[in-house]
Amino acid sequence: MFRSHTCGELRLSHQGQTVTLAGWVQRSRDLGGMTFLDLRDRYGITQLVFNMEINAALCEQARKLGREFVIQAKGKVAERSNKNNTIPTGEIEIVVDELIVLNVSKTPPFTIEDETDGGDDLRMKYRYLDLRRNPVRNNLELRHRMSIVSRNYLDAQGFMEVETPYLIKSTPEGARDFVVPSRMNEGQFYALPQSPQTFKQLLMVSGYDRYYQIVKCFRDEDLRADRQPEFTQIDCEMAFVEQEDILSTFEGLVRHLFKAVKGVDIASLPRMTYADAMKYYGCDKPDTRFEMRFVELNDLVKNKGFKVFDDAGLVVGINAAGAAEYTRKQLDELTDFVKRPQIGATGLVYCRYNTDGTLKSSVDKFYSEEELKRWAEAFGAKPGDLILILAGEANKTRKALNELRLEMGTRLGLRDKDTYSCLWVVDFPLLEFNEDANRWFAMHHPFTSPKPEDIALLESDPGSVRANAYDMVVNGVEVGGGSIRIHDRTLQARMFELLGFSPEQAQEQFGFLMNAFEFGAPPHGGIAFGFDRLCSLFGGSESIRDFIAFPKNNSGRDVMIDAPSPIDQAQLDELKIKLNS
RNA sequence: GGUUCGGUAGUUCAGUUGGUUAGAAUACAGCACUGUCACUGCUGGGGUCGCGGGUUCGAGUCCCGUCCGGACCGCCA
């Protein structure tokens, strides 16, 4: 062994012991007559000391060591005369009498410190150096804990981890597939799974009635801070269950994770229907750390001569409690915020409830103080509050107000990252109509079952059919989602028909699943959690990249290994692939 | 596909109305220093101002294009 101890474990109780440590040179402090050297590994930092009077040659050797040299040092644990109570090993140091350089290092392009001087770009290029830094390592350690705790919980609940293939079949629904050419089957391609969806359903048919897998999934879509082309899911499926069984089982998982990893007790998760989420928060993943619910004003504001409101499909607002002191400048900022093309509102109406009880609005030319008072009542506003109102086409306006609500929540400090508000959003629509393609698409996926009481509507009004589908939302982040599946071949075939598949196409794409359903498929359903997102949420970060050892950048590139990259003509030839550019 | 912000020393950044030899901090190298722990002090080296074109007597600075990176919209069953 290269070491008897790690750099994080020696204490005063080890005083006098001869130890051998190995690690990286964090920093040296050369005082002339003596040299101090901080030795670092995954576990901590231990100070080595070299003294010119005791061993001049060794001291000279130590002075030559550069940052990130890998060394092995043997010596005696000694009590420090000047202790450093900022680190756990600060009471001791190693009086070194043998020093071996295991490897030299070039000067790293950025400092390997908690507060590094390196920018994101550079740190990604040298990710293996970035991973030496404490903040990044802590994130990966958190991820490790999360995966262990999840596995233990699911194992204790009788779930069995089964691996499913990565080289599978491309399917038309959903995200764009990553494809892999098959050398042995000329002109044919595998696809990487967007999720193990069909396989886990087949496992239910096989009788593995509690399945899980912590598994990579692949979607070839544009990226975001919380989206990578390859990401990890905690993928689960259960047989002989109803929606309620799934919700309680996986509510249990998340509460257990919060308790075991963060020491946080989470109350039983409230439920909100999709319809309510859209009506009161303007999105299907509301951040419920704060209220500020939407209040619709159509009845109060129409036909008073204000054209913007009269012409609007929906007039809806929020009450920013305690924000009445907002200045003209701040209100203009908010107006600019909602008018940005990404948000798309045409303007912002405010109504300030002054602390003296008077009301002041940007539209008080059209509305009397009496009417404004009624607005305030509708919002439950109190003196000192600020009402913000948007108007326009209903869906667009809700979406814009959702952004404004989140912005106000941030500005008013209502989105503390150490506060957790979890809920289930349930009763999602089964289908949504896509104008461009002029057909219905499954909102969750084509295997999601409709609510039994809504099945008749499939024929008359497909858009109003609710699904047995649910999302878990924490602090405005969709951390997981799932559904009760269709296990009946006839209903599944009807779904494919609604989605515009001919029976032949359905058979070709999903025949394996529908055929399986003819051999005794049990009722089943499941859920998948976005593991990277869950980790970033627990770690208090917006970006999932911080919790992935080797992430991709905004354009899906790995800048460290420089992938993707062209391949040799010989490889293309072997695959019978001809590039047309 | 679109919007927006950025690219200047190894690194993080500053750089005035377009005007002298492009600066600071940090890192690095050298010297001095026996209790430091962001050691300290002194000295030094270090620049294709992303790239290409244009305007101008003169461009890091203005214009056009392009490449790279970040955030976002579309997209993400």
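Residue numbers start from 1 in every chain, and the chains themselves are labelled A, B, ... in the order their sequence lines are given, proteins ahead of strands.
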Subject >> Pairing of A/Asp287 and A/Arg415 as salt bridge, 4.0 angstrom limit >> reply: yes
Subject >> Given B/G70, B/A38, B/G74, the nucleotide with the shortest approach to the side chain of A/Arg27 >> reply: B/A38
Original post:
Taking the side chain of A/Asp117 as heavy atoms from C-beta outward, which of B/C76, B/G35, B/U11 is closest to it?
Top reply: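 Of the candidates, B/U11 comes closest.
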**OP:** Considering just the side-chain nitrogens and oxygens of A/Asn84, establish if one lies under 4.0 Å of OP1 or OP2 belonging to B/U36.
**Re:**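 For B/U36, neither OP1 nor OP2 has a side-chain N or O of A/Asn84 closer than 4.0 Å.
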Original post:
B/U36 phosphate, OP1 or OP2: any side-chain N/O from A/Asn82 under 4.0 angstrom?
Top reply: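 For B/U36, OP1 or OP2 has a side-chain N or O of A/Asn82 closer than 4.0 Å.
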Touch class at under 4.0 angstrom, heavy-atom based, for [X] against every strand present:
X	answer
A/Arg67	sugar-phosphate
A/Asn51	base
A/Gly119	sugar-phosphate
A/Ser195	base
A/Lys125	nothing
A/Met124	nothing

Original post:
Below 6.0 angstrom between ring centroids: does that apply to A/Phe50 and A/Phe36?
Top reply: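 Centroid separation for A/Phe50 and A/Phe36: 6.0 Å or greater.
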**OP:** Kindly state which residues belonging to residues 29-41 of chain A come within less than 4.0 angstrom of RNA chain B, counting heavy atoms of the residue only, listed by number.
**Re:** A/Arg29, A/Asp30, A/Leu31, A/Gly32, A/Gly33, A/Met34, A/Phe36
Original post:
Hey, what's the ring geometry for A/Phe428 with A/Tyr274, parallel, tilted or perpendicular (30° and 60° as the breaks)?
Top reply: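 Tilted: the ring planes of A/Phe428 and A/Tyr274 meet at 30° to 60°.
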**OP:** Tell me yes or no: between the side chains of A/Asn134 and A/Asp114, is some donor less than 3.5 Å from an acceptor?
**Re:**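 The answer is yes; a qualifying pair exists.
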Original post:
What integer number of Å spans the C1' atoms of B/G10 and B/C42?
Top reply: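 Comparing C1' positions in B/G10 and B/C42 gives a spacing of 23 Å.
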Subject >> Span that lies between the P atom of B/A25 and that of B/A14, in whole angstrom >> reply: 16 Å
